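The basis for the numbers below is simple: all heavy atoms, side chains too, and nothing from hydrogens, waters or symmetry mates. Just so you know, these numbers come straight off a predicted model, no measurement behind them. By convention in this document, chain letters (A, B, ...) are assigned in the order of the sequence lines, proteins followed by strands, and residues within each chain are numbered from 1.
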Protein chains: 2
Amino acid sequence: MAETDGRAGRPAPRKRADARRNEQTLLDAAARVFVASGVEAPVRDIAAEAGVGMGTIYRHFPTRADLIIAVYRHQVEACAEAGPALLASGLAPHAALTRWTDLFVDFLVTKHGLAGVMRSGNPGFEGLHEYFLDRLLPVCAQLLEAAEAAGEIRTDISAYELMRGAGNLCVGIEDDPDFDARRMVGLLTAGLLRPLTG
Amino acid sequence: MAETDGRAGRPAPRKRADARRNEQTLLDAAARVFVASGVEAPVRDIAAEAGVGMGTIYRHFPTRADLIIAVYRHQVEACAEAGPALLASGLAPHAALTRWTDLFVDFLVTKHGLAGVMRSGNPGFEGLHEYFLDRLLPVCAQLLEAAEAAGEIRTDISAYELMRGAGNLCVGIEDDPDFDARRMVGLLTAGLLRPLTG
DNA sequence: GAGCATACGGAGCGGCGTTCCGCTTCGCAA
DNA sequence: TTGCGAAGCGGAACGCCGCTCCGTATGCTC
């Protein structure tokens, strides 16, 4: 919330060298642990992997969510930027929306358990939920509006619902070979299409 | 699994009176606690509400899932029976499927957190997932097949995926007034419809 | 080099699910 | 009615978790 404080002056007093080093070490260690054990891995494991104490993690990343956000920031950014790009690519809006949703889902399913943790009301992860929404909701909304404006889809579904729905569909995929989240999200976007019959 | 043992003879040695009493007490207490705090309520709370010790719960219901199953058995049964009834009611198969899905979703969303816990891979709840599948999957499959046979819907979605998808969409609804699970599941079933265009 | 703000480590707290075992109670048989 | 083995009970205790707190160590500045 008050990370860089934004406002006047330069209140960030520059971190100590060992602190900056540790932060990077933690990010690397967390990334490794997330791949190996999923994003729900015990904080202790991450601390151990990084060779630091518990306190160090919590000082750099006050909540688990902050750590996860930091680890995946780049990829979320890429997903956010893909939205406008797809719209500008000449694809029909609904097709662009579908493609973008696929990207979003791919991002989620390739991170063990990220989806499960991203849903709202999951204690300790509210910040993650918020971050995803802040960053990706406008993108999704833009795609949705374009498709609505083109008359391709129904207008009673909000961007939030679509993202939340797609996210939910990706929960708990890792240990279930019989469930293809991508196809189900495809069903969801297909369901958006305005029925041709009256 | 080996509850009544099914097989020959009568190996169930009839329970003691106090045991039967306690089982009922527990069921009632659990139902109350589930309503008040959701199905993820601490086992201790249920024990306290029932006025029994921890051991008593675990003896009667070896896993949390067993307790939940016992509490909701009637309602699951009703949902299962609604499937054939809807098909026989003269509704078009896809309409019947949609209605049934609504019933299923209603059942899930009216129980705090049931959906979240029903997904596979949730430690301590595997049995619950299994039970829902055993009981409701055939029903869903029957509805799906009828709609497929009528040529109303696409054929590349399995009953399991549909149920799992609907279930997933209901996860974490309780604290999110902006997300209408019923409408999203409606999108899913609408997406099943065979597109009228080539 | 001295002194202090900054950062570190990990013991410790409270909450969870689950197990285990000494004690109590039931109900059958004598 | 009484005695006794088995069935059932309660809750302390264990291990795992996220998270906090504070005595100690370290980097930075003067």
ask   = Quick one: how far along DNA chain D does chain B reach, first to last nucleotide 5' to 3', anything under 4.0 Å to a heavy atom?
value = D:dA6 to D:dA13
Salt bridge (charged side-chain N to carboxylate O under 4.0 Å, His left out): pairs with one or both residues in [range], sequence neighbours excluded:
range: residues 53-66 of chain B; answer: none
range: residues 158-173 of chain A; answer: A:E161-B:R183, A:R164-B:D176
range: residues 18-35 of chain A; answer: A:K15-A:E23, A:R16-A:D18, A:R32-A:E49

query = Between A:H112 and A:G38, what is the shortest heavy-atom contact and its length?
reply =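 The pair with the smallest heavy-atom distance is CB-CA, 3.3 Å.
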For [X], what residues pass the side chain to side chain donor-acceptor pair (under 3.5 Å) criterion, not counting sequence neighbours?
X: A:E40; answer: none
X: B:D156; answer: B:R154
X: B:D45; answer: none

query = Is the shortest heavy-atom distance from the side chain of A:L162 to the side chain of A:L192 under 4.5 Å?
reply = yes
inquiry  = Any heavy-atom pair between the side chains of A:Y131 and A:Y72 that's under 4.5 Å?
reply    = no
note = Protein-proximity profile, nucleotides 25-30 of chain C, B/S/- by nucleotide at the 4.0 Å heavy-atom cutoff, equals BSS---
ask   = Hey, which of these two, A:H60 or B:G124, hits DNA chain C nearer its 5' end, going by closest nucleotide?
value =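 Nearest-nucleotide comparison on DNA chain C picks A:H60.
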task = Identify, with sequence neighbours excluded, every residue that meets ring pair (Phe, Tyr, Trp, His ring centres under 6.0 Å) alongside A:F125.
result =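 Residues passing ring pair (Phe, Tyr, Trp, His ring centres under 6.0 Å) with A:F125: none at all.
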Show the atom names and distances, to 0.1 Å, of all donor-acceptor pairs under 3.5 Å that link a side chain in residues 135-146 of chain A to residues at least two apart or in another chain.
residue : atom : partner : partner atom : Å
A:R135  : NE   : A:E77   : OE1          : 3.3
A:R135  : NE   : A:E77   : OE2          : 2.8
A:R135  : NH2  : A:E77   : OE2          : 2.5

Given atom [atom1] of [X] and atom [atom2] of [N], what is their separation to the nearest angstrom?
X: B:D66; N: C:dG17; atom1: CG; atom2: P; value: 15 Å
X: A:Y58; N: C:dG10; atom1: OH; atom2: C1'; value: 13 Å
X: B:R59; N: C:dG22; atom1: CZ; atom2: P; value: 15 Å

query = Does a sphere of radius 6.0 Å around CZ in B:R182 hold more than 12 heavy atoms from other residues, nucleotides or ligands, not counting ones at 6.0 Å or beyond?
reply =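 Yes, the 6.0 Å shell around CZ holds more than 12 heavy atoms from other groups.
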ask   = Please walk me through it: do B:L169 and B:V105 pass side-chain contact (heavy atoms from CB on, under 4.5 Å)?
value = CA-CA 9 Å; B:L169 282 174; B:V105 169; over 6 Å; no
ask   = Quick one, which residues of residues 111-119 of chain B touch DNA chain C with a heavy atom under 4.0 Å?
value = none
request  = Could you identify which residues of residues 37-55 of chain A place a heavy atom less than 4.0 Å from some atom of DNA chain D, listed by residue number, or say none?
outcome  =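 DNA chain D contact set from residues 37-55 of chain A: A:A41, A:P42, A:V43, A:R44, A:M54, A:G55.
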message = Just N and O in the side chain of A:N22: are any of them under 4.0 Å from OP1 or OP2 of C:dC8?
response =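 Checking A:N22 against C:dC8: at least one side-chain N or O falls below 4.0 Å of OP1 or OP2.
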